[in-house]
Trainee: 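Sharing a structure, written as structure tokens. Questions coming.
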There are 2 protein chains.
Amino acid sequence: METTAEATGTDTDVCVAPPEGELRRPDGRDNYTISEVVAFTGLSAHTLRWYERIGLMPHIDRSHTGQRRYNNGDLDWLGLVGKLRLTGMPVADMVRYAEMVRAGDHTYRERFELLEATRRDVRERIAELQDTLAVLDRKIAFYGDAGRALASERA
Amino acid sequence: METTAEATGTDTDVCVAPPEGELRRPDGRDNYTISEVVAFTGLSAHTLRWYERIGLMPHIDRSHTGQRRYNNGDLDWLGLVGKLRLTGMPVADMVRYAEMVRAGDHTYRERFELLEATRRDVRERIAELQDTLAVLDRKIAFYGDAGRALASERA
DNA sequence: GGCTTGCCTGGAGCGCACTCCAAGGTTTTA
DNA sequence: TAAAACCTTGGAGTGCGCTCCAGGCAAGCC
């Protein structure tokens with residue numbers, strides 16, 4: 001028996017923030033076709049199937065004819081995957097994480113460490129980007145001045 | 001005649017911050033072999049040649065036997081390229097920018113706009129990452145609690 | 001002279017993350 | 001009930017950013 005929000009996705013939201021970009025997920029449902037998930041996540045159906053093939057997804061329910069039926073927990077998981085993707089984390093690492101989740105409670109420590117390492121990476125990346133922002137600001141200021149200088153030369 | 005820091009790379013540093021990571025560039029020199037540039041930038045020689053082939057670099061001087069001789073302006077440019085690379089800007093866009101620089105002063109406005117668009121992207125990306133950071137913080141807190149709970153169960 | 005080291009070239013190859021295809025079954029709409 | 005829309009699969013293809021290879025030239029050293 002699974003005991004974590006990770007596994008069930010139905011606990012109070014300790015897991016992943018509700019989506020913000022794509023399409024708001026309706027409350028009171030727990031069963032979505034692949035095209036609905038496409039609408040919610042912005043991922044393609046191809047990508048969703050591919051995620052499943054490579055082991056990035058938990059087991060996805062099927063209808064009696066074999067079509068995928070995603071639940072809210074699956075959507076939560078895809079939300080996390082989406083966030084991690086933004087950090088540039090390789091898909092292979094996410095698969096490792098997914099495997100740990102499937103493996104059960106004894107992987108808590110490992111998961112914790114992977115998340116902490118990821119957090120360090122994200123912080124570093126933010127710092128890099130802020131650095132880059134400073135460079136851009138200086139360059140843009142320079143271009144602004146040069147533009148004005150050119151304009152007054154012409155005048 | 002070129003009139004910009006972009007083109008000469010020798011003006012006071014309106015262009016790119018001095019490097020920080022790899023290897024400090026010695027002052028008083030203006031002539032480097034490809035392997036020195038490798039040491040300064042962390043890029044591979046392959047990549048440096050490839051950048052040149054695709055039009056991402058300005059004209060690079062050659063020794064009398066045809067070997068590349070990079071100058072400080074080239075290194076400044078590579079510094080900017082490195083920063084832009086961190087933002088996820090496609091190499092093709094950087095090539096467009098490089099082409100504008102080579103095309104001359106009449107592309108100022110366009111370059112300015114490209115830089116501003118890039119800055120917007122970077123700001124957005126920072127916001128995304130901070131969002132992701134919040135998710136990671138919550139998840140890590142959750143794992144911390146769960147870890148403690150598990151530990152006390154076992155005790 | 002021979003050996004090593006560093007550089008040159010065009011072009012092929014690689015890893016990643018999708019993305020699409022062909023051929024077929026299912027569900028919904030008119 | 002027939003057409004249109006949607007879903008399934010395994011496997012092939014794509015685009016990006018390198019990365020490497022083969023074959024060769026040039027300079028320094030014993």
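The basis for the numbers below is simple: all heavy atoms, side chains too, and nothing from hydrogens, waters or symmetry mates. Note that the structure is predicted; figures quoted are calculated from it, not measured. Here is how names work: the chains are called A, B, and so on, in the same order as the sequence lines, proteins then strands, and each is numbered from 1.
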Trainee: Does the side chain of A:Tyr51 get closer than 4.0 angstrom to OP1 or OP2 of C:dA17 through an N or O atom?
Mentor: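 No, no such contact exists.
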
Trainee: Between A:Asn72 and A:Asp30, does any side-chain donor sit less than 3.5 Å from a side-chain acceptor?
Mentor: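 Side chains of A:Asn72 and A:Asp30: pair found under 3.5 Å.
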
Trainee: To the nearest Å, give me how far apart CG (A:Leu48) and P (D:dC6) are.
Mentor: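 Result: 16 Å.
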
Trainee: In whole angstrom, give the distance that lies between atom CZ of B:Arg62 and atom P of C:dG6.
Mentor: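 Result: 19 Å.
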
Trainee: Take atom CD1 of A:Ile34 and atom C1' of C:dT19, then tell me their distance rounded to the nearest Å.
Mentor: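 Between C1' of C:dT19 and CD1 of A:Ile34: 14 Å.
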
Trainee: Please determine if A:Arg120 and A:Glu124 form a salt bridge, counting it only when a charged side-chain N lies under 4.0 Å from a carboxylate O.
Mentor: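 So A:Arg120 does not pair with A:Glu124 through a salt bridge.
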
Trainee: Just checking A:Arg69: base, sugar-phosphate only, or nothing, at a heavy-atom cut-off of under 4.0 Å?
Mentor: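 A:Arg69: no heavy atom of the nucleic acid under 4.0 Å.
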
Trainee: OP1 or OP2 of D:dC7 less than 4.0 angstrom from a side-chain nitrogen or oxygen of A:Thr65, does that happen here?
Mentor: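 It does not, given that no N or O in the side chain of A:Thr65 lies less than 4.0 Å from OP1 or OP2 of D:dC7.
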
Trainee: Could you give the CD1-to-P distance, from A:Ile54 to D:dG11, as a whole number of Å?
Mentor: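 A:Ile54 atom CD1 is separated from D:dG11 atom P by 17 Å.
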
Trainee: Which part of the nucleic acid, if any, lies within contact of B:Ser44, taking any heavy atom under 4.0 Å across all strands shown: a base, the sugar-phosphate backbone alone, or nothing?
Mentor: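 Nothing: the residue B:Ser44, judged by heavy atoms under 4.0 Å, touches no strand.
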
Trainee: Atom NE2 of B:His46 and atom P of C:dG13: how far apart are they, to the nearest Å?
Mentor: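 B:His46 atom NE2 is separated from C:dG13 atom P by 16 Å.
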
Trainee: Rounded to the nearest angstrom, tell me the gap between atom OH in A:Tyr70 and atom C1' in D:dT8.
Mentor: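 Answer to the nearest Å: 12 Å.
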
Trainee: Separation of A:Trp50 atom CH2 from C:dG15 atom C1', in whole Å?
Mentor: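 So the two atoms are 11 Å apart, to the nearest Å.
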
Trainee: Before giving the answer on salt bridge (Lys or Arg N to Asp or Glu O under 4.0 Å), spell out for A:Arg96 and A:Glu99 the whole-Å C-alpha distance, their side-chain angles and the decisive distance to 0.1 Å.
Mentor: CA-CA 5 Å; A:Arg96 276 206 313 127; A:Glu99 279 163 358; over 6 Å; no

Trainee: Whole angstrom is fine here: how far is it from CG in A:Asp93 over to P in C:dG15?
Mentor: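 In whole Å, C:dG15 P lies 17 Å from A:Asp93 CG.
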
Trainee: Where the side chain of B:Ser35 is defined as all heavy atoms beyond and including C-beta, which of D:dC6, C:dT9, C:dC7 is the nearest nucleotide?
Mentor: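 The listed nucleotide nearest to B:Ser35's side chain is C:dC7.
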
Trainee: Please pick, from D:dA27, C:dT27, D:dT19, the nucleotide with the shortest atom-to-atom distance to any side-chain atom of B:His64.
Mentor: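 Closest nucleotide to the B:His64 side chain: D:dA27.
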
Trainee: In Å and rounded to the nearest 0.5 Å, what is the CD1 to OG1 distance from B:Ile126 to A:Thr132?
Mentor: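 Rounded to the nearest 0.5 Å, the CD1-OG1 separation comes to 8.0 Å.
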
Trainee: Counting only side-chain heavy atoms from C-beta out, which of D:dC7, C:dA17, C:dC7 sits nearest to A:Gln67?
Mentor: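 My answer, after comparing the listed nucleotides, is D:dC7.
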
Trainee: So, under a plain 3.5 Å distance rule, would you say the side chain of B:Arg68 forms a donor-acceptor pair with the base of C:dG6?
Mentor: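 No such pair is found, so the answer is no.
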
Trainee: Given D:dC18, D:dG11, D:dC21, identify the nucleotide with an atom nearest to the side chain of A:Arg53.
Mentor: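 Among D:dC18, D:dG11, D:dC21, the one nearest the side chain of A:Arg53 is D:dG11.
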
Trainee: May I ask you to verify whether the side chain of A:Arg49 and the base of D:dG10 hold a donor-acceptor pair under 3.5 Å?
Mentor: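 Donor-acceptor pair under 3.5 Å: no.
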
Trainee: Does a side-chain N or O from B:Arg85 land closer than 4.0 Å to OP1 or OP2 of D:dC18, or not?
Mentor: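 It does, given that an N or O in the side chain of B:Arg85 lies less than 4.0 Å from OP1 or OP2 of D:dC18.
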
Trainee: If you assign A:Thr47 and A:Ser63 each to the DNA chain C nucleotide with the nearest heavy atom, which residue ends up on the more 5' nucleotide?
Mentor: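 This one resolves to A:Thr47.
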
Trainee: In terms of relative ring orientation, are B:Phe142 and A:Tyr108 parallel, tilted or perpendicular, with 30° and 60° separating the classes?
Mentor: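 Taking A:Tyr108 first and then B:Phe142, their aromatic rings sit tilted (interplane angle of 30° to 60°).
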
